[in-house]
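Structure first, commentary second.
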Amino acid sequence: MVLIASLSGNEAAVARNARWIALWTSLIVLALGIYLWIEFDPRQAGFQFVEDHPWFSGVSVDYHMGVDGISLFLVLLTVFLTPIAVLSAWPVARRVKEFMIAFLLLETMTVGMFCALDFVVFYVFYEGVLIPMYLIIGVWGGEKRVFAAVKFFLFTLAGSVLMLLALVWMWRNAGTTDIPPCCARPFRPMHRSGYSSPSSPPSA
């Protein structure tokens, strides 16, 4: 993305170089995805290739990434489809540099979303996916692209707000946003009067 953003000069040359850089970048990422698949041990339970670093330690939020047998194939699907999508978008002639940057950003955020092992990290990547999608629809879409982009924004905004509320509720009950501990924890139903703390008795 940085290489494409740094391109300057003749418009036709910039568009040509942007296409090829995007294609080769997506192919390199595809090769890394295949290497990840080869190195993945299906006999080992749990998450692999884990990366865990403190992020917001005051609220127990870590930059926690990894893959299991399900997310691995979602990552592979993403890195496999991206070169195909770049090739299918080869005829795009308007603002090619910005289009390819948006496409690579979309791939980056999608892979990050599938690898996230913390709900806050997942939420950040999920929201990051929406930005290039909105731009691709609104700038390079069809005849009703503005209407489609606004509709896309409204629907995803509603989902994002509900997801954020659920994330806050889980954090208040579990004391962490780390996905593996949250998955192992039995959550009580939400009280009608609002959020419940871990020490609150269940309502009758």
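Heavy atoms only: backbone and side chains are in, while hydrogens, waters and symmetry mates are out.
Distance alone, capped at 3.5 Å, is enough to place a donor-acceptor pair between the T110 side chain and the L106 backbone.
Heavy atoms from other residues, nucleotides or ligands lying under 6.0 Å from CZ of F80 number 12 at most. Within 6.0 Å of the CH2 atom in W90, the count of heavy atoms belonging to other residues, nucleotides or ligands exceeds 12. Annotation for L154: atom CG counts as buried by contact number, over 12 foreign heavy atoms lying within 6.0 Å.
Other residues sharing the hydrophobic cluster of L117, ordered by chain and number and joined by side-chain separations under 4.5 Å: F47, V50.
Between F99 and W140, the ring planes are perpendicular. Angles over 60° get that label, and only those under 30° would be called parallel. Ring planes of Y126 and F122: parallel class, angle under 30° (limits at 30 and 60°).
Between the CZ atom of F153 and the CD1 atom of I137 there is a distance of 12.5 Å, given to the nearest 0.5 Å. Residue L72 holds its CG atom at 12.0 Å from CZ of F114, rounded to the nearest 0.5 Å. Here OG of S160 is found 6.5 Å from CG of L157. Values are rounded to the nearest 0.5 Å.
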Test side-chain contact (heavy atoms from CB on, under 4.5 Å) applied to V124 and W55, step by step: CA-CA 13 Å; V124 169; W55 199 11; 4.2 Å; yes
W37 and V75: CA distance, side-chain angles, deciding distance, side-chain contact (heavy atoms from CB on, under 4.5 Å) verdict: CA-CA 10 Å; W37 182 26; V75 170; over 6 Å; no
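Across every non-hydrogen atom of L164 and Y123, the tightest pair is CB-OH, 3.7 Å. Closest of all the heavy-atom pairs between G66 and S71 is O-OG, 4.3 Å. Closest of all the heavy-atom pairs between P132 and A102 is CB-O, 3.3 Å. The shortest non-hydrogen separation linking G138 to A149 is CA-CB, 3.8 Å.
Hydrophobic cluster membership is shared by W24 and V111, with clusters built from Ile, Leu, Val, Met, Phe, Trp and Tyr side chains linked at under 4.5 angstrom. Connection of I28 to V79 is not established within any shared hydrophobic cluster, with ILVMFWY side chains joined at heavy-atom distances below 4.5 Å, either directly or through further cluster members. Linking ILVMFWY residues whenever their side-chain heavy atoms come closer than 4.5 Å, directly or via other members, leaves Y35 and M65 in distinct clusters. Cluster annotation: L32 and F49 are assigned to distinct hydrophobic clusters (Ile/Leu/Val/Met/Phe/Trp/Tyr, side-chain heavy-atom contacts under 4.5 Å, transitive). Linking Ile, Leu, Val, Met, Phe, Trp and Tyr residues whenever their side-chain heavy atoms come within less than 4.5 Å leaves F155 and F147 in two separate clusters.
Taking the side chain as every heavy atom from C-beta outward, M100 and V86 approach each other to under 4.5 Å. Counting heavy atoms from C-beta on, the side chains of L104 and T25 come closer than 4.5 Å. Here the side chains of M163 and L167 are not in contact, with every heavy-atom distance at 4.5 Å or above. Side-chain contact between V96 and V14: absent, with no pair of heavy atoms (C-beta onward) separated by less than 4.5 Å. At a threshold of 4.5 Å between non-hydrogen side-chain atoms, the residues L30 and T82 do not count as touching.
Residues passing the side-chain hydrogen bond (donor to acceptor under 3.5 Å, both in side chains) test with D178, sequence neighbours excluded: H64. Under the rule for a side-chain hydrogen bond (donor to acceptor under 3.5 Å, both in side chains), T78 has no partner lying at least two apart in sequence or in another chain.
Identified under the salt bridge (Lys or Arg N to Asp or Glu O under 4.0 Å) test for residues 43-72, with sequence neighbours left out: D41-R43. A salt bridge (Lys or Arg N to Asp or Glu O under 4.0 Å) check over residues 14-39, counting only residues at least two apart or in different chains, returns nothing. Within the structure, salt bridge (Lys or Arg N to Asp or Glu O under 4.0 Å) contacts touching residues 90-119 (residues at least two apart or in different chains) do not occur.
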